Amino acid sequence: MSLAKQKKDMSSLVEKLQKALEHQKKGEMEPAEKIYRSVLKSQPQNLEILQMAAIFFNQIGNDHYAWTLLKKLINKKPSDCNVRRLAGQVLWALKDYNAAQDHLKKALALNPLDPQANLYMGLSYMATAQPLPAEPFLKKSLEVSPCVFTGNKLAEALLNMARAQDAKKILEPAYENGEFNYDTLLLLAYACGLETKESLAYLTQAIQLAPDRDEAKGLFSHVLLQDMVLNRVDPALWNVVLSCLQSKNVNYNGIKYLWYHQFFENPEYAKAAELLDVKTYEDFKILYEQPGYKETLLNPFFIEGVKKVIPFNVRFESLLTFLRRYYLEKTVEKTAFEEAEGVFVAALATQCFLNEYVFDETPQETEKLAALSVKTQEQIMLYACYRPLIDHPEAQNLIRQKDGVPPHIQETLQTQVIDVLTEQKLKTKIPAVGSIKNEISKAVRAQYEEHPYPRWQSDNNIRPFIKTIDEVYQPKPDILIAGCGTGKNIFNARVRYPFGKITAVDLSLASMAYAKRKVEEYGLKDIKFLQADILDLGQLNKKFDIIECMGVLHHMEKPEDGLKVLVEMLKPGGQIDLGLYSEYGRREIVQAHKIIAEKGFKSDTKGMRACRSFIKQTKEFNYLMISSDFFSTSTCRDLIFHVREVRYTIPRIKEMLEAVGLKFIKFRLPEHRMNLYRQAFPEDEAADNLENWDKFEQEHPQIFSSMYQFRCQKI
């Protein structure tokens, strides 16, 4: 080949590579890839081209091909720092962390200050849950080449080692200098403690910065669930709350109070607050039809809340009850809905289904509903505000329609019909262990078959940004959830133990079918469902690292017998999370039980409505009237109509734990409540002295108003 031809070919090659680089810079990866493949075909041994192509294919995520190219490079240039570092980076992307570390060590031996090699060495340790050895590499990388990503990863490593203050020293200067991103804000929230107003401020900013990402929304709700009061009306929070309500990865219970305050206490929506205070339906109807009142309620913020927020006070429930009656009358009178009214009625239908038709219903409404022709979409949605759609033939016809069904109606049909049909199929796929013989167990099963508890919509299924203490010590545990109900505790366990194998057990097939549908909806893996009584679980012949049994034992005939079975299934040193009712915390519930017995209220829908009406009129049950459980049928039944309830005191718990060989570790309480205890008993640094806790509860009888939640360890 002539020298002129060689120069021409080389010039053409350089031109092609320059063109490929131009495409890369513009994000035009397809034409860039074509050029690289073409050049590699003509120059398969050119080391510079191999290296450029390996970088490119790593960049577009084709790491298997990048590694194929790198193996050729390593054979030719075994002592090239850049090649070894790139090999480590590609193997890290392929999750072969040990091999990645081998190459990165060789790169660092050649150049200890290489920032990328230090970074990926740190990342490889982080990926294998080893924050301690990761720290020096991430520090070195940050010193040599400061950047937001490396600073975030170093802070994450420090947080994993419970060194929040050290993490803040990395994060706060970057934040103050404006050198931060979404992940920085999440880490700052963790570093401040997820029960502080500072964390809420960082999470609010993160949601505003990236409204399409859900991690901050889930954490925002989580913080508010820890008794964190944030009830001020703030225009900046309006879109934050709406964004949270529109996410499938948020526990709506966490933001319900904030949503309520943003709307009903906002001066711009004073008319809505007026409607909230109306005492009779007749007065409501007069006011609602005056100019401006209807328009105030029929806005996306309020409608989204109606779909997602179960009422938590009588005023809000009364407003929704009046609205339902108003639109029933309008439908019977065949008065056409405005578009916003139709959207609202569909949202109200979802609300009524989720609270299981707990709202009071007047005889006039019952009569008008019976006379209602259920043919049009509006009529079907109105009917769904009073009765479940699952058995109505018109709902089935509507589902079969491919065109002409607006999204808000499709959403209601999904909740009321399609999801229910899915659960009916799933019930047939859950195997049983043993047979339920105990009469109390049979009665409890019957209750939850009729009213699966709770009927929840969404939860924070986002992987925590940092690993929890639980995961650090138990990376791949075998977990038993004894009494999984409708599955919320399965989600909590999956977040805490992302690589654990979960066996979920319950008496009720209806509850587990709900849980299984949710698990499949969110794509959770390694979860096995079994129908069984705790008393029969020994038939599994299996030992577990961790057992969760929250709010279950106190519904058994002999809770101590159930606990004994669970402890026998726990590995030596294994841990068990328990939840039991408090005698002190449920004093008002006991009073409600007495009234139910005296008045003869039954545990069917009619009886529970009558009981709720009586309690609302007496105004003597302060705890009940602010309890979220009072405002839906299944939760109300679980709260005050349960077929079996055993309550405990701390001394009794102490005796029970000692009898089965369990060591008490800690109560699970919001941090501000734990601080109250620490102030009262500063000498009890571990907060594990049950005698002290007994004294503390007697002085603060509502501290365990929901129930005792605590962790123990098998001795």
Side-chain angles (χ1 to χ4, degrees), residues 115-116 118-123 125-127 131-132 134-226 228-230 232 234-244 247 249-250 254-255 258 460 462-469 495 670-672:
Q116 287 294 98
N118 276 289
L119 171 63
Y120 278 92
M121 183 65 87
L123 293 179
Y125 280 118
M126 290 289 289
L132 184 60
E135 180 187 358
F137 293 103
L138 294 171
K139 271 187 177 178
K140 180 61 68 178
S141 179
L142 189 64
E143 289 170 5
V144 176
S145 180
C147 75
V148 173
F149 178 81
T150 307
N152 288 346
K153 285 299 176 182
L154 176 56
E156 184 181 343
L158 294 167
L159 284 168
N160 270 288
M161 294 183 283
R163 291 165 56 186
Q165 292 305 312
D166 290 338
K168 287 173 77 171
K169 290 177 183 177
I170 301 294
L171 298 166
E172 287 179 340
Y175 176 79
E176 290 166 3
N177 293 332
E179 298 170 350
F180 66 90
N181 60 16
Y182 180 89
D183 292 339
T184 312
L185 295 167
L186 262 64
L187 287 163
L188 277 165
Y190 275 110
C192 290
L194 290 181
E195 294 182 351
T196 63
K197 290 184 178 179
E198 291 84 0
S199 69
L200 283 173
Y202 287 124
L203 292 170
T204 299
Q205 191 174 351
I207 296 169
Q208 293 168 332
L209 184 65
D212 57 327
R213 292 184 62 178
D214 280 352
E215 299 96 321
K217 298 173 194 175
L219 287 174
F220 187 79
S221 172
H222 170 79
V223 175
L224 290 173
L225 276 169
Q226 312 307 306
M228 178 59 65
V229 177
L230 187 65
R232 69 182 186 275
D234 183 349
L237 289 173
W238 182 278
N239 287 331
V240 168
V241 173
L242 184 59
S243 182
C244 287
S247 168
N249 288 296
V250 169
I255 56 173
L258 184 57
N460 178 9
I462 298 298
R463 177 75 181 88
F465 204 83
I466 60 171
K467 298 175 180 63
T468 64
I469 295 299
V495 168
E671 191 62 25
H672 69 277

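Quantities reported herein were computed from a predicted structural model and do not represent experimental measurements. Heads up: numbering here begins at 1 and tracks the sequence.
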Query raised in the report: Does anything in residues 147-174 pair up under ring pair (Phe, Tyr, Trp, His ring centres under 6.0 Å), and if so which pairs, sequence neighbours excluded?
Result: none
Only distances under 3.5 Å count here; give the side-chain donor-acceptor pairs of residues 167-175 to other protein atoms, sequence neighbours excluded, each with its distance to 0.1 Å.
| from | atom 1 | to | atom 2 | distance (Å) |
| --- | --- | --- | --- | --- |
| Tyr175 | OH | Gln205 | OE1 | 2.7 |

Roughly how far apart are [X] [atom1] and [Y] [atom2], rounded to 0.5 Å?
X      : Y      : atom1 : atom2 : answer
Leu203 : Tyr190 : CG    : OH    : 9.0 Å
Leu187 : Leu158 : CG    : CG    : 10.0 Å
Ser247 : Leu242 : OG    : CG    : 11.5 Å
Ser243 : Leu237 : OG    : CG    : 12.0 Å
Met126 : Lys153 : CE    : NZ    : 6.0 Å
Leu123 : Phe137 : CG    : CZ    : 12.0 Å

Please report the closest heavy-atom contact between [X] and [Y], naming both atoms and the distance.
X      : Y      : value
Thr150 : Cys147 : OG1-SG, 3.0 Å
Ala216 : Ala206 : CB-CB, 3.7 Å
Leu225 : Gly254 : CG-CA, 3.5 Å
Glu179 : Val148 : O-CG2, 3.4 Å
Ala189 : Leu194 : O-CD2, 3.7 Å
Ala191 : Leu159 : CA-CD2, 3.8 Å

Are any non-hydrogen side-chain atoms of [X] and [Y] less than 4.5 angstrom apart?
X      : Y      : value
Asn152 : Asn181 : yes
Asn239 : Gln208 : no
Asn118 : Leu138 : no
Glu215 : Tyr182 : yes

Query raised in the report: What residue pairs, at least two apart or across chains, pass side chain to side chain donor-acceptor pair (under 3.5 Å) with a residue in residues 136-147?
Result: Glu135-Lys139
Query raised in the report: Are the side chain of Ser199 and the backbone of Thr196 linked by a donor-acceptor contact shorter than 3.5 Å?
Result: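 The answer is yes, because a donor-acceptor pair under 3.5 Å joins these two groups.
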